[in-house]
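Report on the structure given below.
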There are 2 protein chains.
Amino acid sequence: MKRSAQVFEYSKDTEQLAKFAKALGHPARIIILKHLSNQSCCFTGDLLEVLPLAQSTVSQHLKELKDAGLILGEVNPPKVKYCIDMENWKIAQQLFSTLFREDFSKIDCC
Amino acid sequence: MKRSAQVFEYSKDTEQLAKFAKALGHPARIIILKHLSNQSCCFTGDLLEVLPLAQSTVSQHLKELKDAGLILGEVNPPKVKYCIDMENWKIAQQLFSTLFREDFSKIDCC
DNA sequence: AATATTCATCGTATATTTGCGATGAACAAT
DNA sequence: ATTGTTCATCGCAAATATACGATGAATATT
């Protein structure tokens, strides 16, 4: 990718918000999160009935949501119970809210 | 990518939210949006002073934000003035708000 | 012991994203 | 006419993402 040796760093908040947004950037993962926030918790199998995807693909999406910190997986072999990671969920809520809650009163040019 | 011939379709809202989130999924684009919402409008050149990226790369990020409907580019050769697309911005605000504004009172399992 | 269920991970194929430099288009100023 | 400014787009390279089937691990059931 020809990445130049960057000295630059984005702020923590910016990185965090981009990370959350990226994890939300696929319809399947939106579905998963909506499902989790409606059903409190669920197993991978439950999601297979909701999503038109192979089990391995869903597992991959779950991994990405977990890596982003949006969900938690409670292992209970051979099942895994997933639920929203409330701590980070609130942070995400806050970051998105801040991004959108800007004061546009001064805008008059477009 | 071995995509199977899907009959399935995600809901409009889900697709729309994922599209917005995807566009927000890079720190450079977060910076751009924050800059725009602070400065009302700006030119590409202004962003080059804020971002550690080549002009062509910034232009590419702007294109993605434009394609997602989050910003507008008012051509004024040889300059282009960018600003937030307020109409879609409000929709995004609404969609994210709805996603996060879930009632978790019933949750007691994790 | 054999089988079934649940799930993560690996290997593979393809698409998309990120980034750069180079080029070119559009106009303004010389 | 030439030059400078501003910006999009092209061509390229490398990294990431999306998706599948296959395999394997863990456990429960038979």
Side-chain angles (χ1 to χ4, degrees), chain A residues 1-10 14-15 18-32 36 41-68 70-83, chain B residues 1-10 14-15 18-32 36 41-68 70-83:
Chain A
M1 213 195 284
K2 233 192 281 182
R3 293 185 185 282
S4 50
Q6 297 283 1
V7 196
F8 189 90
E9 276 196 18
Y10 296 106
T14 298
E15 291 275 13
K19 189 172 170 182
F20 284 143
K22 194 171 185 180
L24 292 173
H26 192 288
R29 295 194 288 268
I30 297 285
I31 301 275
I32 291 172
L36 284 179
C41 293
C42 73
F43 304 105
T44 306
D46 303 334
L47 295 168
L48 293 180
E49 294 167 15
V50 181
L51 291 166
L53 297 169
Q55 178 263 321
S56 58
T57 306
V58 172
S59 185
Q60 182 60 31
H61 283 306
L62 287 166
K63 176 172 157 41
E64 276 174 55
L65 287 171
K66 204 162 54 179
D67 288 348
L70 290 171
I71 64 172
L72 289 170
E74 194 186 330
V75 184
N76 192 0
K79 291 202 171 192
V80 179
K81 188 167 67 179
Y82 287 100
C83 57
Chain B
M1 212 193 283
K2 234 191 277 182
R3 293 182 186 283
S4 50
Q6 298 283 359
V7 196
F8 189 88
E9 274 195 20
Y10 296 106
T14 297
E15 291 274 13
K19 190 174 170 183
F20 285 144
K22 193 171 185 179
L24 292 173
H26 192 287
R29 296 195 286 268
I30 298 285
I31 300 276
I32 291 173
L36 285 178
C41 293
C42 74
F43 303 105
T44 307
D46 303 335
L47 295 169
L48 293 179
E49 295 167 15
V50 183
L51 291 166
L53 297 169
Q55 178 263 319
S56 58
T57 306
V58 173
S59 186
Q60 181 60 31
H61 283 305
L62 287 166
K63 177 173 158 40
E64 275 175 55
L65 287 171
K66 205 162 54 179
D67 288 349
L70 290 172
I71 64 172
L72 289 170
E74 193 185 329
V75 185
N76 193 0
K79 291 201 170 191
V80 180
K81 190 167 66 180
Y82 287 101
C83 57

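Scope of the values below: all heavy atoms of this structure, side chains included, with no hydrogens, waters or symmetry mates. Here is how names work: the chains are called A, B, and so on, in the same order as the sequence lines, proteins then strands, and each is numbered from 1.
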What's the [atom1]-[atom2] distance between [X] and [N], to the nearest Å?
{"X": "A:Glu49", "N": "C:dT5", "atom1": "CD", "atom2": "P", "result": "14 Å"}
{"X": "B:His26", "N": "C:dT16", "atom1": "NE2", "atom2": "P", "result": "18 Å"}
{"X": "A:Ile71", "N": "C:dC7", "atom1": "CD1", "atom2": "C1'", "result": "13 Å"}
{"X": "B:Asn76", "N": "D:dT5", "atom1": "CG", "atom2": "P", "result": "18 Å"}
{"X": "A:Leu47", "N": "C:dC7", "atom1": "CG", "atom2": "C1'", "result": "12 Å"}
{"X": "A:Leu24", "N": "D:dT18", "atom1": "CG", "atom2": "P", "result": "12 Å"}

Of the nucleotides [options], which has the atom closest to the [X] side chain?
{"X": "A:Phe43", "options": "C:dT18, C:dC7, C:dC20", "value": "C:dC7"}
{"X": "B:Lys79", "options": "D:dG21, D:dC7, C:dG19", "value": "D:dC7"}
{"X": "A:Ser56", "options": "C:dT18, D:dC7, D:dC20", "value": "D:dC20"}

Discussion item. Less than 4.0 angstrom between a side-chain N/O of A:Lys22 and OP1 or OP2 of C:dT17, yes or no?
Written reply: no
Worksheet item: With sequence neighbours excluded, what pairs up with B:Lys79 under the side chain to side chain contact (heavy atoms under 4.5 Å, CB included) test?
Response: B:Phe43
Discussion item. Test: salt bridge (charged side-chain N to carboxylate O under 4.0 Å, His left out). Region: residues 50-64 of chain A. Which pairs qualify, not counting sequence neighbours?
Written reply: A:Arg29-A:Glu64, A:Lys63-A:Asp67
Worksheet item: Taking only residues at least two apart or on different chains, which pairs with a member in residues 46-57 of chain A satisfy side-chain hydrogen bond (donor to acceptor under 3.5 Å, both in side chains)?
Response: none
Fill in: Position toward the 5' end of DNA chain C (nearest nucleotide), A:Val80 or B:Ala54
A:Val80
Can you give me the N/O atom pairs linking the protein to nucleotides 23-30 of chain C at distances under 3.5 Å, or say none if there are none?
none

Discussion item. Taking side chain to side chain donor-acceptor pair (under 3.5 Å) as the definition, give me every residue that meets it alongside A:Thr14, ordered by chain and number, with sequence neighbours left out.
Written reply: A:Ser11
Considering non-hydrogen atoms only, spot the tightest contact between [X] and [Y] and give its length.
{"X": "B:Ile71", "Y": "B:Leu62", "result": "CD1-O, 3.6 Å"}
{"X": "B:Ala28", "Y": "B:Leu53", "result": "CB-CD1, 3.8 Å"}
{"X": "A:Tyr10", "Y": "B:Pro52", "result": "OH-CD, 4.2 Å"}
{"X": "A:Ala23", "Y": "A:Leu70", "result": "CB-CD1, 3.9 Å"}
{"X": "A:Ile30", "Y": "B:Ala18", "result": "CG1-CB, 4.1 Å"}

Item to complete: Specify the residues of residues 57-68 of chain B, ordered by number, for which at least one heavy atom lies under 4.0 angstrom from an atom of DNA chain C.
Response: B:Thr57, B:His61, B:Glu64
Worksheet item: Across the strands shown, which category fits B:Thr44 at heavy-atom distances under 4.0 angstrom: base, sugar-phosphate, nothing?
Response: sugar-phosphate
